[in-house]
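Quick note: residue numbers are just sequence positions, from 1.
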Amino acid sequence: MENFPVINFEKLNGEERKATLEKIRDACENWGFFELVNHGIPYDLMDTVERLTKEHYRKCMEQRFKELVASKGLEGVQTEVKDMDWESTFFLRHLPESNISKIPDFSDEYRMVMKEFALKLEKLAEELLDLLCENLGLEKGYLKKAFYGSRGPTFGTKVANYPPCPKPDLVKGLRAHTDAGGIILLFQDDKVSGLQLLKDGKWIDVPPMRHSIVVNLGDQLEVITNGNYKSVEHRVIAQTNGTRMSIASFYNPGSDAVIYPAPALVDQNNEVYPKFVFEDYMKLYAGLKFQAKEPRFEAIKGSNVHLGPIATA
């Protein structure tokens with residue numbers, strides 16, 4: 001089995017830049033996922049984010065999750081549960097405007113740390129988009145502009161905890177899906193595993209690594225790259241021991257951004273992806289998240305979109 005792609009981000013600054021870009025290109029084309037080390041986000045910041053996220057779960061979320069499990073009778077299930085995930089989650093918005101100050105049960109320290117972490121991730125996401133542009137032969141900034149819309153990109157974080165599950169064969173931590181958006185940066189637990197991706201018909205573990213950032217590509221990048229890069233199905237397997245932390249940040253197009261294949265990546269008659277407004281795609285995705293992505297692309301083709309130039313503001 002091929003090794004899961006691990007990219008040393010520091011090597012982009014030296015004589016190994018070309019080889020490192022090639023590794024990123026290969027990961028985007030053949031995996032839809034890669035793991036970043038030496039990415040420049042301070043490790044002490046990541047340690048604080050992890051500590052406070054786990055404290056917040058224990059203080060504010062754990063009992064709620066136990067009550068939910070009890071109310072649904074999930075601990076005694078005998079057949080596979082297909083309409084629920086074994087996860088405890090909350091969501092943060094960063095762009096176009098933040099809601100962190102409005103989250104009711106955050107400590108001041110957690111609020112401040114998550115704001116700082118989000119700024120670092122936003123910068124890293126934009127650096128990665130430019131590296132993808134370089135590999136694709138697109139002008140620098142093209143992908144960021146394609147995501148821009150009238151108010152800039154949408155950027156948010158899903159904070160999830162996956163508690164110990166008595167029947168992981170019957171309840172998934174998170175059912176298989178592709179991500180709807182742009183580029184996703186994940187800070188995951190380095191001790192409790194569970195994330196898997198589908199490659200060549202087989203489920204492969206995404207290895208937990210301390211202080212790494214896992215990157216995966218969403219449906220919008222598949223469309224804009226005209227299929228050169230693909231979003232990949234992934235899932236979370238619940239574990240019988242340990243609670244797995246997952247902090248996934250989604251750098252997505254603005255709600256009114258018009259998404260379509262980059263003209264430079266379209267040869268005559270090979271444009272197979274639709275043109276649509278991102279918000280329309282998200283409305284469709286909400287009901288079809290756990291189904292194959294291809295019917296979503298087909299369903300959105302009926303959208304009647306007037307194509308103007310990509311916003312450059």
Residue pairs fulfilling salt bridge (charged side-chain N to carboxylate O under 4.0 Å, His left out) with at least one residue in residues 110-127, sequence neighbours excluded: K123-E127, E126-K144
V192 vs P208 side-chain heavy atoms within contact, under 4.5 Å: no
Check against salt bridge (charged side-chain N to carboxylate O under 4.0 Å, His left out), K23 and E16: CA-CA 11 Å; K23 280 186 180 178; E16 294 183 62; over 6 Å; no
pair F90-D105: side-chain heavy atoms closer than 4.5 Å: no
Student check: side-chain heavy atoms of L288 and P295 closer than 4.5 Å: no
Residues, nucleotides or ligands: over 12 heavy atoms within 6.0 Å of K82 NZ: no
Any pair counted as salt bridge (charged side-chain N to carboxylate O under 4.0 Å, His left out), so long as it reaches residues 221-245, sequence neighbours left out: E222-K293
Short side-chain to backbone donor-acceptor contact, K199 and G32, under 3.5 Å: no
Derivation and outcome, side chain to side chain contact (heavy atoms under 4.5 Å, CB included), residues F187 and I213: CA-CA 5 Å; F187 175 27; I213 296 288; 4.2 Å; yes
Parallel, tilted or perpendicular: rings of H56 and Y110 (30°, 60°): tilted
4.5 Å side-chain heavy-atom contact, L143 and D130: no
F65 and T243, any side-chain heavy atoms less than 4.5 Å apart: no
Check: L138 and L265 side chains under 4.5 Å, non-hydrogen atoms: yes
Residues E80, R175: salt bridge by 4.0 Å N-O rule: no
From CE (M61) to OG1 (T89), nearest 0.5 Å: 6.0 Å
Side-chain donor or acceptor of D189 paired with backbone N/O of K191 under 3.5 Å: yes
Criterion ring-ring contact (aromatic ring centres under 6.0 Å, His included) against H234, the qualifying member of W203, F290, F33: F33
Qualifying residue for side chain to side chain contact (heavy atoms under 4.5 Å, CB included) with C28, from L217, N216, L221: L217
For the student: nearest non-hydrogen atoms of V277 and S255, plus distance: CG1-O, 3.4 Å
Verdict with supporting geometry, E22 and R25, salt bridge (charged side-chain N to carboxylate O under 4.0 Å, His left out): CA-CA 5 Å; E22 179 59 26; R25 184 196 62 76; 2.2 Å; yes
Interatomic distance, T20 atom OG1 to L131 atom CG [nearest 0.5 angstrom]: 10.0 Å
Side chain to side chain contact (heavy atoms under 4.5 Å, CB included) evaluation trace for L185 with H39: CA-CA 11 Å; L185 280 65; H39 41 65; over 6 Å; no
salt_bridge(K301, E298) N-O dist < 4.0 Å: yes
Residues E62 and Y57: side-chain donor-acceptor under 3.5 angstrom: no
Residue pair T178 / D219, side-chain donor-acceptor N/O under 3.5 Å: yes
Check against side chain to side chain contact (heavy atoms under 4.5 Å, CB included), E87 and N161: CA-CA 6 Å; E87 63 173 1; N161 283 275; over 6 Å; no
Check: P166 and W86 side chains under 4.5 Å, non-hydrogen atoms: yes
M209-F9 co-clustered via ILVMFWY side chain contacts under 4.5 Å: no
Heavy-atom side-chain contact between W31 and V232 under 4.5 Å: no
Separation between CZ of F106 and NZ of K102, rounded to the nearest 0.5 Å: 13.5 Å
Salt bridge (Lys or Arg N to Asp or Glu O under 4.0 Å) involving D47 - partner list, sequence neighbours excluded: R210
Carboxylate-amine/guanidinium contact R64 E67, below 4.0 Å: no
Audit row: L136, Y229, side chain to side chain contact (heavy atoms under 4.5 Å, CB included) steps and yes/no: CA-CA 10 Å; L136 289 160; Y229 297 164; 3.6 Å; yes
